[in-house]
Amino acid sequence: MERKTGVDFLRMFLMFLVPVLHLLGNGGVLANTQWMSGQYLSGWLLEAVSLCAVDCFALISGYVGYAAKFRWSRVANLWLSIVFYTLGITALFALLAPGSVGWKNWFAALFPVISSQYWFITAYVGMFFFIPLMNLALERASKRRLTEVLVAVMVVFSFLPCLFTMLLQESPFGLHRGYSLVWLAILYLLGGYLRKYHIPQKVSRKRSVALFCAATLLAWLSKVGIELVTNRVLGYPAGGTSFVSYVSPLIVANAVALLCFFAQTEFRSWGMGKLIALLSPAALGVYLIHVHPLVWNRVILDCAAFAGAWPVWKMLLYVLALAFGIYLVCSLIDVVRIRLFQALKIPSLCRKVDGLLQRLPWGDPAEEGQGH
């Protein structure tokens with residue numbers, strides 16, 4: 001399948017937004033702004049802009065995965081990449097800060113998926129085993145049936161839970177506000193639907209930008225409006241994140257808008273193409289490094305809390321600059337990891353998994369060779 005430089009660049013952009021989210025949240029920026037101050041309002045606007053990153057990654061999985069040949073070797077390669085970082089970073093902390101590492105850290109490092117070392121990876125790997133069935137459903141179902149199902153799913157799994165967030169103790173259907181396999185699977189199906197019916201090519205880039213801006217503004221206004229109303233009625237702000245979460249239809253709209261925009265974008269210059277080819281495969285490494293529990297709790301936690309008291313422009317500039325620094329450093333580290341894996345021929349060894357599975361009694365070589 002031909003590589004789309006626009007979609008590859010989108011992966012890079014999304015992985016820059018992820019540290020932005022984490023600095024605003026776990027980094028302590030938003031928690032240290034005064035309610036309804038300029039810092040508070042601008043920080044939450046940046047949050048509304050960045051929150052679609054995770055949803056968009058899941059959409060890309062379906063958009064690319066539906067048209068690509070399914071390979072079990074991808075799980076093996078992914079697992080080895082994860083363990084490389086979980087063991088490596090844990091060993092580094094054990095060496096430099098011995099008291100910070102216990103047996104639970106080593107267990108989680110050895111079994112990162114089962115121990116939910118990273119929620120997204122655990123959910124994604126769990127979803128991966130259902131991809132052949134989801135691709136089959138996307139391939140066989142009619143456009144009418146797929147549209148009906150996806151509209152119903154978005155109403156029941158997205159709009160209604162957000163609408164009643166203040167009354168619900170927990171998200172229904174095991175959604176956990178989007179931190180779940182179920183939500184990633186829904187977005188995978190939506191991404192596959194967009195690819196099958198060439199939706200991005202039917203939406204102009206101007207409309208994509210307009211949709212992104214409108215959905216972002218509505219999400220931000222919902223946050224501000226709900227908190228102002230509840231503060232007046234209850235005496236304290238509540239429910240502000242009802243439509244500012246991964247399962248929000250507004251955040252999903254943002255993710256769709258970004259995918260539609262970049263699916264139609266091609267970077268044709270030689271230099272930009274080389275940069276995308278170098279850094280796009282390293283996007284996952286950014287997540288694996290800076291969200292490692294030891295890094296998350298000992299480095300990222302409250303690392304930018306002081307910026308919440310700065311002037312708005314300075315606070316935003318600091319968050320964006322620090323996020324870009326995290327993205328760039330972690331990307332370069334993962335480029336080295338990728339080259340190391342290639343030198344050790346790990347990707348080619350992982351691909352042998354597919355050959356072994358095809359030789360099993362239930363394997364169907366003819367079906368394995370089919371594409372979409």
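Judged as a ring-ring contact (aromatic ring centres under 6.0 Å, His included), and not counting sequence neighbours, the contacts of Tyr197 are Tyr193. Trp106 meets the side-chain hydrogen bond (donor to acceptor under 3.5 Å, both in side chains) test with no other residue; sequence neighbours excluded. Applying the side-chain hydrogen bond (donor to acceptor under 3.5 Å, both in side chains) rule to Ser61 yields no partners; only residues at least two apart in sequence or on another chain are considered. Applying the ring-ring contact (aromatic ring centres under 6.0 Å, His included) criterion to Phe164, with sequence neighbours excluded, gives no partner residue. Partners of Tyr179 under the side-chain hydrogen bond (donor to acceptor under 3.5 Å, both in side chains) rule, at least two apart in sequence or in another chain, do not exist in this structure. In this view, Tyr287 satisfies the side-chain hydrogen bond (donor to acceptor under 3.5 Å, both in side chains) rule with no residue, not counting sequence neighbours. Residues meeting the ring-ring contact (aromatic ring centres under 6.0 Å, His included) test with Phe130, sequence neighbours left out: none.
Linking Ile, Leu, Val, Met, Phe, Trp and Tyr residues whenever their side-chain heavy atoms come within less than 4.5 Å places Leu279 and Phe13 in a single cluster. Hydrophobic clustering of Ile, Leu, Val, Met, Phe, Trp and Tyr side chains at less than 4.5 Å, counting indirect connections, unites Tyr188 with Phe129. Under a hydrophobic-cluster definition in which Ile, Leu, Val, Met, Phe, Trp and Tyr are linked whenever side-chain heavy atoms come within less than 4.5 Å, directly or via other members, Leu211 and Leu187 are assigned to different clusters. Hydrophobic clustering of Ile, Leu, Val, Met, Phe, Trp and Tyr side chains at less than 4.5 Å, counting indirect connections, keeps Leu301 apart from Leu294. Trp72 and Trp79 fall within the same hydrophobic cluster, defined by Ile, Leu, Val, Met, Phe, Trp and Tyr side-chain heavy atoms under 4.5 Å apart, directly or through other members.
Taking both residues in full, the closest heavy atoms of Ser50 and Leu17 are given as OG-CD2, 3.8 Å, listed atom of the first, atom of the second, then distance. Of all heavy-atom pairs spanning Val101 and Ala94, the tightest one is CG2-N, 3.5 Å. Contact between Leu146 and Ala141 at its shortest, heavy atoms only, is CG-CB, 3.7 Å. Contact record, Leu258 with Leu10: O-CD2, 4.0 Å, taken as the closest heavy-atom pair. Contact between Arg195 and Tyr66 at its shortest, heavy atoms only, is CG-CD2, 4.0 Å. Listed here is the closest heavy atom pair of Gly308 and Met315: CA-SD, 4.1 Å.
At least one donor-acceptor pair closer than 3.5 Å links the side chain of Ser208 to the backbone N or O of Ser204. In this structure, the side chain of Gln39 does not engage the main chain of Gln34 through any donor-acceptor pair within 3.5 Å. Ser280 places no side-chain N or O within 3.5 Å of a backbone atom of Ala277 that could act as its donor or acceptor partner. Using modelled atom types, no side-chain atom of Gln117 and backbone atom of Pro293 make a donor-acceptor pair closer than 3.5 Å.
For the pair Asn105/Phe93, no side-chain contact is recorded, criterion being any heavy-atom separation below 4.5 Å from C-beta on. Within the 4.5 Å cutoff, side-chain heavy atoms of Phe212 are placed close to those of Val49. Side chains of Leu189 and Val149 form no contact here, defined as non-hydrogen atoms less than 4.5 Å apart. Within the 4.5 Å cutoff, side-chain heavy atoms of Thr90 are placed close to those of His292. The closest side-chain heavy-atom distance from Met154 to Ile186 is below 4.5 Å. Side-chain contact between Thr5 and Phe9: absent, with no pair of heavy atoms (C-beta onward) separated by less than 4.5 Å. The closest side-chain heavy-atom distance from Leu275 to Phe267 is not below 4.5 Å.
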### Message
Pair Val54, Trp119 - check side-chain contact (heavy atoms from CB on, under 4.5 Å), show working.
### Response
CA-CA 11 Å; Val54 173; Trp119 81 263; 3.9 Å; yes
### Task
Apply side-chain contact (heavy atoms from CB on, under 4.5 Å) to Leu184 and Phe57, showing your working.
CA-CA 9 Å; Leu184 295 189; Phe57 268 119; over 6 Å; no
### Task
Report the C-alpha distance between Trp183 and Ser158 in whole Å, list the side-chain angles of each, state the deciding distance to 0.1 Å, and finish with yes or no for side-chain contact (heavy atoms from CB on, under 4.5 Å).
CA-CA 9 Å; Trp183 183 242; Ser158 178; 4.1 Å; yes
### Task
Please report the C-alpha distance between Ile121 and Leu288 in whole Å, then the side-chain angles of each, then the deciding distance to 0.1 Å, and finally whether the side-chain contact (heavy atoms from CB on, under 4.5 Å) criterion is met.
CA-CA 9 Å; Ile121 296 298; Leu288 294 176; 4.0 Å; yes
N/O donor to acceptor pairs below 3.5 angstrom from side-chain atoms of residues 18-32, sequence neighbours left out:
residue: His22; atom: ND1; partner: His290; partner atom: NE2; Å: 2.8
residue: Asn26; atom: ND2; partner: Trp296; partner atom: O; Å: 3.1
residue: Asn32; atom: ND2; partner: Gly28; partner atom: O; Å: 2.7

Let me have the donor-acceptor pairs involving side chains of residues 316-338, under 3.5 Å, with sequence neighbours excluded, atom names and distances please.
residue: Ser331; atom: OG; partner: Tyr327; partner atom: O; Å: 2.8
residue: Asp334; atom: OD1; partner: Tyr85; partner atom: OH; Å: 2.5
residue: Asp334; atom: OD1; partner: Arg337; partner atom: NE; Å: 3.0
residue: Asp334; atom: OD1; partner: Arg337; partner atom: NH2; Å: 3.2
residue: Asp334; atom: OD2; partner: Arg337; partner atom: NH2; Å: 3.3
residue: Arg337; atom: NH1; partner: Ser81; partner atom: OG; Å: 3.1

Contacts table for residues 218-237: side-chain donor-acceptor under 3.5 angstrom, sequence neighbours left out:
residue: Trp220; atom: NE1; partner: Leu41; partner atom: O; Å: 2.9
residue: Ser222; atom: OG; partner: Ala219; partner atom: O; Å: 2.6
residue: Lys223; atom: NZ; partner: Tyr40; partner atom: OH; Å: 3.2
residue: Lys223; atom: NZ; partner: Glu227; partner atom: OE2; Å: 2.4
residue: Glu227; atom: OE1; partner: Trp35; partner atom: NE1; Å: 2.8
residue: Glu227; atom: OE1; partner: Tyr40; partner atom: OH; Å: 2.6
residue: Glu227; atom: OE2; partner: Tyr40; partner atom: OH; Å: 3.1
residue: Thr230; atom: OG1; partner: Ile226; partner atom: O; Å: 2.8
residue: Thr230; atom: OG1; partner: Glu227; partner atom: O; Å: 3.2
residue: Thr230; atom: OG1; partner: Ala238; partner atom: N; Å: 2.9
residue: Thr230; atom: OG1; partner: Ala238; partner atom: O; Å: 3.2

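From Leu163, atom CG reaches atom CZ of Phe243 across 5.0 Å, with rounding to the nearest 0.5 Å. In this structure, the separation between CG on Leu194 and SG on Cys260 is 6.0 Å, given to the nearest 0.5 Å. Expressed to the nearest 0.5 Å, how far CZ of Arg298 lies from SG of Cys303 amounts to 15.0 Å. In this structure, CG in Leu190 is found 5.0 Å from CG in Leu59, a value given to the nearest 0.5 Å. In this structure, CE in Met134 is found 5.0 Å from CE in Met127, a value given to the nearest 0.5 Å. A distance of 12.0 Å separates CG of Asp55 from CG of Leu259, quoted to the nearest 0.5 Å.
Residues in residues 145-155 take part in these salt bridge (Lys or Arg N to Asp or Glu O under 4.0 Å) pairs, two or more places apart or across chains: Arg144-Glu148, Arg145-Glu148. Applying the ring pair (Phe, Tyr, Trp, His ring centres under 6.0 Å) test to residues at least two apart or on different chains, the pairs with a partner in residues 137-162 are Phe157-Phe173.
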